[in-house]
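For reference, the structure is listed below as structure tokens.
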Amino acid sequence: MQIASLSASPSTAANPLFSVRRRGCVFSPSRQLISESTRSNSSRLSSGEFRVGSDVRRIRLGLLVARAIDSATTSSTPAAGKDIVPDDQFSLAKVSLGVVGLGLGLSLLSYGFGAYFNILPGSEWSALMLTYGFPLAIIGMALKYAELKPVPCLTYSDAANLREKCATSILKQVRNDVIRYRYGDEQHLEEALKRIFQYGQGGGIPRRSAPILQMIREEVTEDGKYALILVFEAKALQLSDFERRQAKFASFFGPGITTEIGKGANSLFEVRLISNMEP
């Protein structure tokens with residue numbers, strides 16, 4: 001109402017100076033409000049997109065775990081009524097050296113800079129902390145970049161009891177290798193898969209189509225033998241691609257084992273390594 005009364009006044013309308021001020025009073029806040037509203041909406045949109053992106057990543061991870069569990073429940077050997085052994089034992093192999101090195105290096109650098117500028121006590125040790133903190137942080141970042149995380153391991157209680165006396169040394173080594181952090185490898189069992197599927201060779205498959213190990217399972221077969229099941233994801237391969245190489249799996253992970261090939265849910269395939277050692 002005040003704006004309307006000012007614009008209707010003939011004395012003020014003839015004054016160009018006031019006209020400029022009036023236009024500034026009338027229109028500038030509108031542009032400011034529009035600009036602030038636009039920024040607010042953009043901020044809300046970007047934050048919403050970030051939340052949606054995070055939700056999508058969580059959903060994808062959940063679907064992958066669900067598919068792996070579904071593959072375990074639909075295998076040829078029923079696991080109903082069997083207890084699962086929790087993998088809660090502490091081991092240095094399950095600790096990420098990249099996280100340890102990066103955390104220790106950044107801590108030394110932060111405290112070293114704080115002590116150097118007399119923000120924190122211990123200025124006489126600042127040079128030593130900076131000297132060791134910087135290389136530790138670099139090494140930690142390098143290890144974190146080259147880090148290959150362990151795969152989940154589902155172990156049934158009866159299989160855990162048979163592992164020590166029935167599993168071959170190679171099966172034990174395979175299990176221990178894939179459930180710990182590795183560095184410098186593109187994927188678990190890289191050398192084995194390279195020889196079995198013959199990447200880029202005649203009769204082989206392209207490297208981009210290589211199966212990826214998603215999880216392992218330990219269970220007991222119907223005839224009471226220990227079995228280590230490797231669950232792979234291979235979207236570009238068929239069941240026949242694994243069946244043609246069944247003998248190669250037995251040769252590479254043998255001796256003393258029998259192999260079976262199975263199809264899981266969606267793009268998951270199972271390679272069952274069954275020990276021939278009697279309990």
Side-chain angles (χ1 to χ4, degrees), residues 64 67-68 71-72 75 87 91-99 101 139 141-155 159 163-164 166-219 226-264 267-277:
L64 180 60
R67 287 162 57 191
S71 172
S75 61
D87 187 17
S91 174
L92 290 178
K94 300 178 182 179
V95 178
S96 172
L97 298 180
V99 173
I139 294 174
M141 286 188 290
L143 290 175
K144 189 64 179 176
Y145 177 79
E147 179 180 274
L148 181 62
K149 295 183 179 180
V151 299
C153 178
L154 183 64
T155 303
R163 183 195 305 146
E164 291 301 325
C166 293
T168 65
S169 58
I170 296 180
L171 293 183
K172 294 178 183 178
Q173 181 181 353
V174 170
R175 177 188 179 275
N176 294 333
D177 284 345
V178 301
I179 63 173
R180 66 180 180 88
Y181 282 94
R182 298 182 64 86
Y183 304 92
D185 294 338
E186 295 184 4
Q187 60 173 312
H188 290 286
L189 303 178
E190 180 179 9
E191 186 64 27
L193 296 176
K194 180 180 179 181
R195 294 186 181 182
I196 293 173
F197 287 93
Q198 298 177 329
Y199 299 155
Q201 301 180 15
I205 64 172
R207 189 178 185 86
R208 62 178 179 273
S209 303
I212 300 175
L213 184 66
Q214 298 295 325
M215 67 172 294
I216 62 173
R217 261 194 347 266
E218 293 180 288
E219 59 187 34
Y226 172 86
L228 179 66
I229 294 87
L230 310 178
V231 181
F232 294 96
E233 182 182 30
K235 297 181 180 180
L237 300 181
Q238 304 296 327
L239 180 60
S240 58
D241 295 322
F242 283 84
E243 290 177 341
R244 287 199 304 267
R245 296 168 174 85
Q246 182 173 349
K248 291 185 178 181
F249 277 102
S251 175
F252 189 90
F253 294 104
I257 66 168
T258 304
T259 60
E260 295 179 357
I261 306 296
K263 180 71 169 66
S267 301
L268 297 180
F269 300 89
E270 295 184 354
V271 178
R272 302 169 58 87
L273 308 177
I274 305 173
S275 174
N276 295 330
M277 300 177 62

From Phe232 CZ over to Ser267 OG, what is the distance, rounded to the nearest 0.5 angstrom? 14.5 Å

Heavy-atom closest contact (Pro152 atom, Gln214 atom, distance): CD-O, 3.2 Å

Could you tell me the separation between the CD1 atom of Ile257 and the CD1 atom of Ile170, rounded to the nearest 0.5 Å? 7.5 Å

Check whether any side-chain heavy atom of Pro211 lies under 4.5 Å from a side-chain heavy atom of Glu233, and answer yes or no. no

Derivation of the side chain to side chain contact (heavy atoms under 4.5 Å, CB included) call for Ser96 and Glu147: CA-CA 8 Å; Ser96 172; Glu147 179 180 274; 2.2 Å; yes

Heavy-atom distance under 4.5 Å between the side chains of Pro150 and Tyr181, does that happen here? yes

Are Thr155 and Arg163 close enough, and set up right, to give a side chain to side chain contact (heavy atoms under 4.5 Å, CB included), and what steps lead you there? CA-CA 10 Å; Thr155 303; Arg163 183 195 305 146; 3.6 Å; yes

Is there a side-chain contact between Ile216 and Val178 in this structure, where contact means two heavy atoms from C-beta onward sitting under 4.5 Å apart? yes

Testing the basics here: between Ala227 and Ile274, what is the closest heavy-atom pair and its distance to 0.1 Å? CB-CG1, 4.0 Å

Closer than 3.5 angstrom, by distance alone: can the side chain of His188 be matched with the main-chain N or O of Lys149 as a donor-acceptor pair? yes

If I compare all heavy atoms of Thr259 with all of Leu273, which pair ends up nearest, and what's the gap? CG2-CD2, 3.6 Å

Do Phe242 and Val271 make a side-chain contact, defined as non-hydrogen atoms from C-beta onward lying under 4.5 Å apart? yes

Going from CG on Leu171 to SG on Cys166, what distance comes out if it is rounded to the nearest 0.5 angstrom? 11.0 Å

Applied to residues 242-252, the side chain to side chain donor-acceptor pair (under 3.5 Å) test, sequence neighbours excluded, yields Asp241-Arg244

Let me check something: any side-chain donor-acceptor pairs from residues 189-198 under 3.5 Å, sequence neighbours excluded? List them with distances.
| residue | atom | partner | partner atom | Å |
| --- | --- | --- | --- | --- |
| Glu190 | OE1 | Glu186 | N | 3.3 |
| Glu190 | OE2 | Arg207 | NH2 | 2.9 |
| Glu191 | OE2 | Arg195 | NE | 3.2 |

Pi-cation contact, Phe269 with Lys263 (under 6.0 Å, within 45°): yes

With side chain to side chain donor-acceptor pair (under 3.5 Å) as the rule and sequence neighbours excluded, what pairs involving residues 167-180 come up? Arg175-Glu218

Calculate, to the nearest 0.5 Å, the distance between atoms NZ and OG belonging to Lys235 and Ser209 respectively. 12.0 Å

Side-chain heavy-atom pair Tyr226, Met277 within 4.5 angstrom cut-off: no

Is there a side-chain contact between Asp185 and Tyr183 (heavy atoms, below 4.5 Å)? no

With the side chain counted from C-beta on, respond yes when Glu270 and Leu230 share a heavy-atom pair under 4.5 Å apart, and no when they do not. no

